[in-house]
Every structure is written in structure tokens, then in C-alpha cells.
Amino acid sequence: MKSRSSIHNQENILPLSFFDRPTLVVAQELLGKALVHETKQKKLYLIIQEVEAYDGPHDKASHAHRGTTPRNAVMFDEAGHWYLYLVYGMHWMLNITTGPKGYPAAILIRGGYTPEGTLIVGPGKLTKYLDLNCPHNTLPATKKLGLWIEDRGMIIHPKDIIRKKRIGVDYAKEWKDKLYNFSFLL
DNA sequence: ACGATGATGAAC
DNA sequence: TTCATCATCGTA
């Protein structure tokens, strides 16, 4: 039984145990969950529609495959933490870390439905819509610190999950064709 | 098809 | 300290 306040707040924040599982499993289960950004001014959310897995130390598409650096260190740490970084000098990428401590993995959140049902396509557009940038980098997603993921009971049936190659990782040799991109359509 | 735009990491 | 690279996007 959930606590009374949890029900009243309509909040069911995904716990660390959700993220501390195989990355490909977590990636698929993130579809249909609500990504919430709350500040003093406003509360924004999207229903996660497209994700992409970066899994383990050998994945050549992953920032982690050359070992730990100041930027990617959070990928090696505990699951359920945000990894936010800038690409092309202008776009913020939002990732959530997965797997046990010491195992570098994360899931890039690439698309989502707005409350009005508009599909936001692309990780840079998604962070711009939610007004996200560096402040949340490395913070836990499993506490009420302004950015978290909620289960609102939406179920995406496995047969409705579209599985594709990852985008923008053609340099990743034998890892570039892995079907680590997951999405669904309403 | 390409330029914007700046952090990152590896080489030197 | 320099330099190539980049989990992208808007304009053409």
C-alpha cells in the first residue's frame, strides 16, 4: 500500500531498485513513464517515448568505453543518477544511469509526449522543452530534487515496442548496429 | 548538405 | 596547448 501522501500527490517516483537492473530491461520499461521537472516557478513533464541504451565498458558508442573521465564518472557510479552533458556546443543530453556500481551504463532519453499529446523528437529538443541543463548532472533521480521519473500506471505492451539501431553512433564499429533504441507510438 | 558552437579528451 | 571529435538541430 502506497502512502496516503503519495496517492494524493499523484507521485510514484521510480526508486533506485528500478534502475539497478540490466540496462536493456530498464530502457524498455522507461517507455510510458513520466519525466518530471519541478522548480519553484513551474512543473513540466513529458511521457517518455524514445530511449537509447549505452551499456557497459565495451560498448564503443558509450562515453564509458575508454574508462572513467571527469565527465562520464557518474556512469560508473550507482544507478538512478542523472548524466547531463553538452554536445555540439549547444544541446544538452539527458541520461539516467543504470546497473550496479562499477558497471558503466546509462539510458539517453530521446523523445516524449507533452501533456497535450505533442511528440517531442530528439534529445536536444527534449531538454530544451523541459528547461534542463547542467545543474542536475550527477544528482539522484530517485529523490524529490526537482527532476525525477514517475510511474503513472501507463503500460506499454512489449509487442508495441519499436526496436531500432542507435542514432548518431556510426563510428562505434561492431557496436553501431546494436538494436538499443526503443520507442512506441500512441 | 552543412554550419553553429563549446566542452571534452587525447596527443604532443 | 593544440586539435579533432561530437549520443544534434535548424536552415537550405
Side-chain angles (χ1 to χ4, degrees), chain A residues 14 18-33 35 37 44 46-99 102-114 116 118-141 147-149 161-185:
Chain A
L14 296 184
F18 178 92
F19 300 103
D20 193 5
R21 294 183 297 157
T23 310
L24 298 184
V25 172
V26 177
Q28 293 176 73
E29 291 191 19
L30 278 176
L31 297 175
K33 301 294 191 291
L35 172 60
H37 181 206
L44 298 166
L46 287 171
I47 301 300
I48 297 173
Q49 182 272 337
E50 181 187 354
V51 298
E52 206 160 80
Y54 291 84
D55 191 24
H58 307 298
D59 181 353
K60 288 193 169 76
S62 170
H63 289 168
H65 98 274
R66 291 169 200 273
T68 138
T69 67
R71 181 177 67 166
N72 70 17
V74 68
M75 291 184 74
F76 290 81
D77 215 315
E78 211 171 33
H81 287 65
W82 297 114
Y83 175 35
L84 265 153
Y85 68 92
L86 191 65
V87 270
Y88 300 109
M90 56 185 95
H91 302 296
W92 288 94
M93 301 291 103
L94 176 66
N95 300 253
I96 180 78
T97 65
T98 58
Y103 183 84
I107 295 163
L108 173 65
I109 303 178
R110 294 189 55 95
Y113 288 105
T114 68
E116 296 76 33
T118 304
L119 181 56
I120 304 285
V121 185
K125 286 161 65 174
L126 183 141
T127 54
K128 188 175 179 200
Y129 176 87
L130 289 174
D131 194 20
L132 293 172
N133 46 45
C134 50
H136 290 97
N137 187 32
T138 76
L139 293 181
L147 183 62
W148 64 83
I149 302 175
I161 295 178
I162 303 160
R163 195 164 175 174
K164 298 181 178 177
K165 295 176 185 177
R166 292 177 291 185
I167 295 171
V169 296
D170 285 348
Y171 57 85
K173 309 220 170 155
E174 71 272 21
W175 289 81
K176 77 181 177 69
D177 294 328
K178 296 271 184 198
L179 301 176
Y180 283 5
N181 177 295
F182 304 93
S183 63
F184 74 97
L185 293 171

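Order of the sequence lines sets the chain letters (A, B, ...), proteins ahead of strands, with each chain counted from 1.
For residues 119-136 of chain A, the pairs satisfying side-chain hydrogen bond (donor to acceptor under 3.5 Å, both in side chains) are A:K42-A:D131, with sequence neighbours left out. Residue pairs satisfying the salt bridge (charged side-chain N to carboxylate O under 4.0 Å, His left out) criterion with at least one member in residues 71-86 of chain A, sequence neighbours excluded, are listed as follows: A:D77-A:K101. Residue pairs meeting the side-chain hydrogen bond (donor to acceptor under 3.5 Å, both in side chains) criterion with at least one partner in residues 86-99 of chain A, sequence neighbours excluded, are A:T23-A:T98. Within the structure, ring-ring contact (aromatic ring centres under 6.0 Å, His included) contacts touching residues 49-80 of chain A (residues at least two apart or in different chains) are A:H63-A:Y83, A:H63-A:Y85. For residues 47-65 of chain A, the salt bridge (charged side-chain N to carboxylate O under 4.0 Å, His left out) pairs, not counting sequence neighbours, are A:E50-A:R110, A:E52-A:R110, A:D59-A:R166, A:K60-A:E174.
If you take CG on A:L132 and CG on A:L84, they are separated by 6.5 Å, rounding to the nearest 0.5 Å. To the nearest 0.5 Å, the span separating CD1 on A:I162 from CZ on A:F184 amounts to 9.0 Å.
Listed by chain and residue number, nothing satisfies the ring pair (Phe, Tyr, Trp, His ring centres under 6.0 Å) test with A:Y103 (two or more places apart in sequence, or in another chain). With sequence neighbours left out, the side chain to side chain donor-acceptor pair (under 3.5 Å) criterion links A:Q28 to no other residue. Every residue two or more places apart in sequence or in another chain that forms a side-chain contact (heavy atoms from CB on, under 4.5 Å) with A:V121 is listed here: A:L119.
Within residues 164-172 of chain A, no residue approaches DNA chain B, by heavy-atom distance under 4.0 Å.
Annotation: side chain of A:L185 is in contact with side chain of A:Y113 (closest heavy-atom distance under 4.5 Å).
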Should A:V26 and A:I96 be marked as a side chain to side chain contact (heavy atoms under 4.5 Å, CB included) after you check the CA-CA gap, both sets of side-chain angles, and the distance that decides it? CA-CA 10 Å; A:V26 177; A:I96 180 78; 5.8 Å; no

List, with names and distances, any nitrogen or oxygen atoms from the protein found under 3.5 Å away from nitrogen or oxygen atoms belonging to nucleotides 5-12 of chain B.
| unit_1 | atom_1 | unit_2 | atom_2 | d |
| --- | --- | --- | --- | --- |
| B:dT5 | O2 | A:Y88 | O | 2.3 |
| B:dG6 | N2 | A:Y88 | N | 3.4 |
| B:dG6 | N2 | A:G89 | N | 3.4 |
| B:dG6 | N3 | A:G89 | N | 3.4 |
| B:dG9 | OP1 | A:T69 | OG1 | 2.3 |

Secondary-structure notation, DNA chain C, from Watson-Crick and G-U pairs under 3.5 angstrom (| other strand): ||||||.||||.

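Think of the region where chain A sits on DNA chain C: with heavy atoms and a 4.0 Å cut, that region ends 5' and 3' at C:dC6 to C:dG10.
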